[in-house]
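Residue numbers run from 1 in the order of the sequence given. This is a predicted model, so every value here is computed, not measured.
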Amino acid sequence: MNIMLFHSAYGLRPAVHEAAERLRAAGHVVHVPDLYDGRTAETVEEGMTIRDEIGNDELLKRAILAAAPHSEAGLVYAGFSLGGSLAQTLALGDEKARALLLFHGTADIAEDASVDELPVQLHVADPDPFETHDWLNTWYLRMGRIGADAEIYRYPGAGHLYTDPGLADYDEAAAEQSWRTALAFLETL
């Protein structure tokens with residue numbers, strides 16, 4: 001698979017490169033754009049400040065420009081938290097998207113969105129302050145209504161960005177289970 005992997009609000013940290021290497025080791029081609037132009041954050045607050053300085057519209061534009069050269073062959077869009085939100089937005093707007101793989105984050109779904117049985121997998125902490133139960137239930141139902149084949153995997157007790165070993169949220173057991181499930185999902189495509 002050809003995968004476009006977007007980083008979280010923390011920026012392009014070592015954990016994102018490690019994730020890309022894990023995917024490459026499984027035989028996938030992985031593109032990892034730096035939407036923050038080399039900036040990274042040590043805290044979520046710093047990450048949100050960088051995001052706000054760049055602006056959501058500019059981040060989306062950068063994500064689109066990063067994906068465009070690779071989208072003709074059909075991409076699996078993937079991302080972590082903020083990157084998941086961007087990946088979802090791009091996947092729902094790309095008729096050639098092969099799948100959507102989300103870690104820790106989703107986005108709102110446009111009323112006119114429509115996909116043809118797009119495989120979607122979401123891995124999220126339970127509970128997650130950014131992805132509440134009510135939001136996830138609504139998100140899941142809306143994904144189904146637009147034609148996506150969505151699965152949600154919840155990890156009790158894990159922190160929001162539990163796949164990043166460099167953060168306090170890290171949960172090794174949850175991260176490893178997420179990766180096993182995600183890699184199996186990619187094998188089905």
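In this view, Tyr170 and Pro165, Glu172, Ala175 satisfy the side-chain contact (heavy atoms from CB on, under 4.5 Å) rule, not counting sequence neighbours. Under the side-chain contact (heavy atoms from CB on, under 4.5 Å) criterion, Ala26 pairs with His28, Leu183, sequence neighbours left out. Listed by chain and number, the residues in a ring-ring contact (aromatic ring centres under 6.0 Å, His included) with His17 amount to none (sequence neighbours excluded). With sequence neighbours left out, the side chain to side chain donor-acceptor pair (under 3.5 Å) criterion links Glu111 to Arg142. For Glu58, the side chain to side chain donor-acceptor pair (under 3.5 Å) criterion is met by Arg62, not counting sequence neighbours. With sequence neighbours excluded, the residues forming a ring-ring contact (aromatic ring centres under 6.0 Å, His included) with His70 are His31, listed by chain and number. Under the side-chain contact (heavy atoms from CB on, under 4.5 Å) criterion, Arg39 pairs with Tyr36, Ile50, Glu53, not counting sequence neighbours. Remark: Phe130 engages His160 in a ring-ring contact (aromatic ring centres under 6.0 Å, His included) (not counting sequence neighbours). The salt bridge (charged side-chain N to carboxylate O under 4.0 Å, His left out) test applied to Asp112 returns no partner, not counting sequence neighbours. Legend: residues meeting salt bridge (charged side-chain N to carboxylate O under 4.0 Å, His left out) with Arg98, ordered by chain and number and at least two apart, are absent. For Thr43, the side-chain contact (heavy atoms from CB on, under 4.5 Å) partners are Glu45, Glu46, not counting sequence neighbours. Not counting sequence neighbours, the partners of Phe80 by the ring-ring contact (aromatic ring centres under 6.0 Å, His included) test are Phe103.
Of the N and O atoms on the side chains of Trp135 and Thr106, at least one donor lies less than 3.5 Å from an acceptor on the other residue. Residues Asp94 and Tyr77 have side chains that bring a donor and an acceptor to within less than 3.5 angstrom of each other.
Distance alone, capped at 3.5 Å, places no donor-acceptor pair between the Tyr140 side chain and the Glu151 backbone. With hydrogens and angles disregarded, no donor-acceptor distance shorter than 3.5 Å links the side chain of Thr132 to the backbone of Asp128. A side-chain donor-acceptor contact under 3.5 Å links Asp169 to the backbone of Leu161. Under a 3.5 Å cut-off, the side chain of Arg51 and the backbone N or O of Asn56 do not form any donor-acceptor pair.
Counting heavy atoms from C-beta on, the side chains of His7 and Leu82 never come closer than 4.5 Å. Contact annotation: the side chain of Leu189 approaches that of Pro119 to within less than 4.5 Å [non-hydrogen atoms, C-beta and beyond]. Contact of the Arg13 side chain with the Asp164 side chain is registered, since non-hydrogen atoms from C-beta on lie closer than 4.5 Å. Between Gln121 and Leu102, the closest side-chain pair of non-hydrogen atoms is not below 4.5 Å. Within the 4.5 Å cutoff, no side-chain heavy atoms of Leu118 are placed close to those of Asp149.
Contact detail for Ala150 and Met143: the closest heavy-atom pair is CB-CB, 4.1 Å. Counting all heavy atoms, side chain and backbone alike, Ala97 lies closest to Ala91 at CB-O, 3.7 Å. Minimum interatomic distance between Leu186 and Leu101 (heavy atoms only, all atoms of both residues): CD1-CD2, 4.3 Å. Of all heavy-atom pairs between Ala87 and Gly79, the closest is CB-N, 4.1 Å. Closest heavy-atom contact between Leu122 and Trp139: CD2-CZ3, 3.8 Å. Considering every non-hydrogen atom in both Ala63 and Leu35, the closest pair reads N-CD2, 3.8 Å.
Electrostatic pairing of Glu131 and Arg154 does not count as a salt bridge here, judged by no charged N lying under 4.0 Å from a carboxylate O.
Residue Ile146 holds its CD1 atom at 12.0 Å from CG of Leu141, rounded to the nearest 0.5 Å. Here Leu100 contributes atom CG and Leu75 contributes atom CG; the two are 11.5 Å apart, rounded to the nearest 0.5 Å. For the atom pair CD1 of Ile152 and CG of Leu136, the computed distance is 5.0 Å after rounding to the nearest 0.5 Å. Between Phe6 atom CZ and Leu59 atom CG the span is 10.5 Å, to the nearest 0.5 Å. Rounded to the nearest 0.5 angstrom, Leu5 CG and Arg22 CZ are separated by 12.0 Å. Considering CE of Met4 and CG of Leu90, their distance stands at 8.5 Å, rounded to 0.5 Å.
Aromatic pair Tyr162/His104: centroids less than 6.0 angstrom apart.
Hydrophobic clustering of Ile, Leu, Val, Met, Phe, Trp and Tyr side chains at less than 4.5 Å, counting indirect connections, unites Leu167 with Met48. Side-chain heavy atoms closer than 4.5 Å link hydrophobic residues (I, L, V, M, F, W, Y) into clusters, and following such links, possibly through other members, connects Leu60 to Leu92.
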